[in-house]
2 protein chains.
Amino acid sequence: MSRTTDFESKITIAEVARAAGVSPMTVSRVLNGRGGASAETSERVLSAANQLNYRPNPFARGLRSDRSKTIGFLVPDITNPFFPEIIRGAEDAANAAGYNLLLSNVVESSKREAELIDAFLIHRVDGIIVCSPRLPDSALHKALAPHRAAVLINREAPKDVAGTIMTDYEYGASQAINHLVERGRRNIAIIAGPRNSYGGKCRLLGIGKTLAEHDMKAPEPVYCDPTVAGGRTAAERLLAAITGLDALVCYNDLNAVGAMQACRAAGIAVPHQMALIGFDDIPIAELMSPALTTLRVHKREMGEAAVRLLLSRMMTKNKQHGVVIEPELMVRETT
Amino acid sequence: MSRTTDFESKITIAEVARAAGVSPMTVSRVLNGRGGASAETSERVLSAANQLNYRPNPFARGLRSDRSKTIGFLVPDITNPFFPEIIRGAEDAANAAGYNLLLSNVVESSKREAELIDAFLIHRVDGIIVCSPRLPDSALHKALAPHRAAVLINREAPKDVAGTIMTDYEYGASQAINHLVERGRRNIAIIAGPRNSYGGKCRLLGIGKTLAEHDMKAPEPVYCDPTVAGGRTAAERLLAAITGLDALVCYNDLNAVGAMQACRAAGIAVPHQMALIGFDDIPIAELMSPALTTLRVHKREMGEAAVRLLLSRMMTKNKQHGVVIEPELMVRETT
DNA sequence: GGAATAAACGATAACGATAACGTTCCACGG
DNA sequence: CCGTGGAACGTTATCGTTATCGTTTATTCC
């Protein structure tokens with residue numbers, strides 16, 4: 001009956017109360033399971049609420065409780081296939097706990113990042129999750145401070161500033177290097193992604209250490225946007241500058257796709273003359289040909305873990321710090 | 001100063017009023033640009049609000065106005081690369097108008113779709129946008145009814161139920177067929193995507209008409225999930241059932257990628273023995289090799305148009321109906 | 001100069017939910 | 001029989017903002 005549906009949204013707790021023959025307060029108690037109502041009264045209230053299709057007004061609730069049941073979720077670029085999976089995981093975990101996600105994209109500058117973290121304040125989100133922030137530490141901590149709770153994904157922060165869900169990029173990078181060395185590669189270069197990426201620094205650290213264990217050394221890494229185009233130009237520069245390269249470790253899979261394009265354009269066979277390895281394991285990695293060897297990041301799990309950690313930090317005073325998740329080497333056809 | 005930031009969120013209009021030496025009402029008027037305040041008073045109020053870093057409380061505002069400045073946005077699956085671009089466009093347009101997106105994923109059944117449309121009601125969104133709904137007409141209209149405004153993307157509805165942003169799939173399909181015929185393909189089969197997709201029906205219509213113009217006819221289309229896996233199994237079934245096929249028109253690019261895999265597995269050369277054409281032009285279409293010929297859908301523009309249409313329908317009583325956007329044939333290497 | 005008029009502002013009362021505190025009523029022990 | 005305690009409710013006040021209506025002051029015109 002669309003006639004009733006049209007009025008649904010106007011039902012208040014007072015009307016439910018009237019229908020059930022009790023006071024609004026009793027309805028509130030019953031609906032929030034606070035006790036203090038007899039079994040039969042509860043019954044009456046519940047059925048009245050059901051009948052009228054009552055929905056508590058979130059504005060009124062929020063006004064009293066100063067809780068929105070909403071989590072702000074900030075990603076650099078939803079168009080990058082790395083992030084939707086994380087969002088999915090986060091959304092599932094949030095919904096399961098009765099929370100919703102308010103999503104925002106950064107896209108441009110790190111200034112914009114601070115603005116958006118700030119904008120969440122206006123919406124009175126109960127907490128925020130920020131994916132791969134690029135802001136320098138001090139600015140990031142300052143932006144996070146006014147929020148009641150915060151969790152970072154792929155970035156570390158002091159325990160009292162934010163919780164942290166980290167991929168162990170250092171270990172992943174180490175696996176990548178060992179794998180390449182096993183395959184007999186000796187001249188490995190690095191496409192390093194954005195200069196101010198925390199995860200990027202971790203990768204570089206792991207790469208450096210592991211190369212050293214093999215008494216090897218890579219040329220100066222080339223920084224670039226974390227996109228296909230960024231990867232291609234970075235690879236072009238490396239190929240032009242250095243001869244004899246036989247492997248490229250890329251910041252992420254999109255960069256690796258770009259590197260593959262550059263190789264193809266230069267007539268370099270992958271993996272025969274050049275090995276390619278990426279990070280993330282986005283869907284295209286498996287679909288391209290040759291299929292991309294990459295370090296799978298458990299995106300969905302990270303999203304879920306982030307929400308769970310945030311909720312726990314929202315509820316309790318002794319803040320848990322975080323979780324480290326190991327990436328997994330997916331050996332395919334480019335190495 | 002993190003000390004002040006910690007208190008920011010507690011500043012109310014009354015404190016701004018006190019700081020400016022006026023009443024809360026005057027502050028409200030100034031901040032909402034309603035006039036009725038002298039220039040110097042406005043000045044004082046503005047600077048006091050600024051100084052204290054005042055942010056109006058959205059709960060209180062919503063409680064009075066029953067407006068949330070939020071738009072519910074429902075997509076089937078954010079993990080499908082078709083949708084993030086639409087979301088980007090929508091988000092940009094929404095932010096520009098001072099609105100935010102509340103995002104939800106359907107993922108599973110069409111029952112879930114109805115539930116989620118309904119769940120937006122709880123959040124008192126000012127309007128909703130639903131991408132590619134799969135619900136049957138009657139159920140969809142019923143779910144939409146209680147909302148103050150609604151816009152559908154790639155689905156039609158009566159003007160008073162919802163606004164509509166459509167891709168002209170029928171025309172696109174027609175282009176696809178003409179292109180294949182020009183290239184000398186005669187035995188064209190269809191991978192049709194989900195059976196209850198409205199856009200799918202439009203494609204089928206265009207395909208049927210255009211084939212008829214060439215005195216041709218396609219075998220029974222095969223329905224499948226709009227995913228890589230769905231496309232592969234559909235293609236396998238077609239290849240097994242029908243001999244002499246020389247072209248496959250796919251519901252979307254993901255299906256086409258799956259079809260390509262099936263061809264490769266069956267030792268069929270693309271495009272030499274089999275032409276492949278997709279829909280959407282998601283990023284992978286250009287990146288795969290051979291690069292996929294496809295009908296580009298202007299995703300970003302659609303997201304923007306959807307928000308603009310929704311806002312216009314929210315404001316005025318005489319509802320605009322909608323916009324049709326033409327897809328664009330991108331000829332690449334698979335045809 | 002006085003009245004009419006407009007501009008600038010303030011007091012009050014909602015909006016809907018709920019915490020805090022009262023009230024009523026019944027059961028039970030001394 | 002009274003008093004005590006607790007369960008089951010109801011009343012009131014409050015969250016922050018803003019529409020409505022009043023009040024005050026300044027401005028204009030005859």
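Here is how names work: the chains are called A, B, and so on, in the same order as the sequence lines, proteins then strands, and each is numbered from 1. Predicted model only: the values in this text are computed from it and were never measured.
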- Task: Rounded off to whole Å, could you give me the CD1-to-P distance for the A:Ile11 and C:dG16 pair?
- Result: 11 Å
- Short side-chain N/O contact to C:dT18 OP1/OP2 from A:Arg61, under 4.0 Å: yes
- note: B:Arg67, atom CZ; D:dT17, atom P; distance rounded to Å ~ 19 Å
Sub-3.5 Å pairs of nitrogen or oxygen atoms, protein against nucleotides 23-28 of chain D:
none

- Message: I'd like to check the salt bridge (charged side-chain N to carboxylate O under 4.0 Å, His left out) partners of A:Arg148; sequence neighbours left out, ordered by chain and number.
- Response: A:Asp66, A:Asp126
- salt bridge (charged side-chain N to carboxylate O under 4.0 Å, His left out) partners of A:Glu43, counting only residues at least two apart: none
- Query: For the pair made of CZ in A:Arg124 and C1' in D:dG16, what is the distance, rounded to whole Å?
  - Reply: 9 Å
- Task: Under the side chain to side chain donor-acceptor pair (under 3.5 Å) rule, collect the residues that match up with B:Arg313, sequence neighbours excluded.
- Result: none
- Identify the two heavy atoms, one from A:Pro84 and one from B:Ile78, that lie closest to each other, and give their separation to 0.1 Å. CB-O, 3.4 Å
- Between atom CG in A:Asp66 and atom P in D:dT17, what is the gap in whole Å? 11 Å
- Task: Applying side chain to side chain donor-acceptor pair (under 3.5 Å), name anything that partners B:Ser197, two or more places apart in sequence or on another chain.
- Result: B:Tyr251
- Query: In whole angstrom, what separates A:Ile122's CD1 from D:dT17's C1'?
  - Reply: 16 Å
- Please state how far atom CG in B:Leu63 lies from atom C1' in D:dC15, giving the value in whole angstrom units. 9 Å
- Kindly state each residue pair satisfying side chain to side chain donor-acceptor pair (under 3.5 Å) with at least one member in residues 94-105 of chain A, sequence neighbours excluded. A:Asn100-B:His123, A:Asn105-B:Glu91
- Note on the structure: Residues at least two apart in sequence or cross-chain that pass salt bridge (charged side-chain N to carboxylate O under 4.0 Å, His left out) with A:Glu115, listed by chain then number, are A:Lys111, A:Arg112
- Message: Rounded to whole Å, please give me the gap between CZ in A:Arg64 and P in D:dT12.
- Response: 16 Å
- Task: Go through residues 12-34 of chain B and report each residue with a non-hydrogen atom lying under 4.0 Å from DNA chain D, sorted by number.
- Result: B:Thr12, B:Ile13, B:Met25, B:Ser28, B:Asn32, B:Arg34
- Rounded to the Å, how far apart are B:Phe59 CZ and C:dT18 P? 13 Å
- Five-pair end axes of the helix from C:dG1-D:dC30 to C:dG30-D:dC1 and the angle they enclose, rounded to 10°: 50°
- With sequence neighbours left out, write down each residue that passes salt bridge (charged side-chain N to carboxylate O under 4.0 Å, His left out) with A:Arg88, or none if nothing qualifies. B:Asp77
- Task: Measure across A:Ile86 and A:Cys131 and return the closest heavy-atom pair with its distance rounded to 0.1 Å.
- Result: CG2-SG, 4.1 Å
- Query: Going by number, which of residues 38-46 of chain A have a non-hydrogen atom under 4.0 Å from DNA chain D?
  - Reply: A:Ser38, A:Thr41
- Item | side chain to side chain contact (heavy atoms under 4.5 Å, CB included) partners of B:Ala305, counting only residues at least two apart | B:Ile165
- Task: Give a yes-or-no answer on whether the side chains of A:Gln320 and A:Ser312 include a donor-acceptor pair shorter than 3.5 Å.
- Result: yes
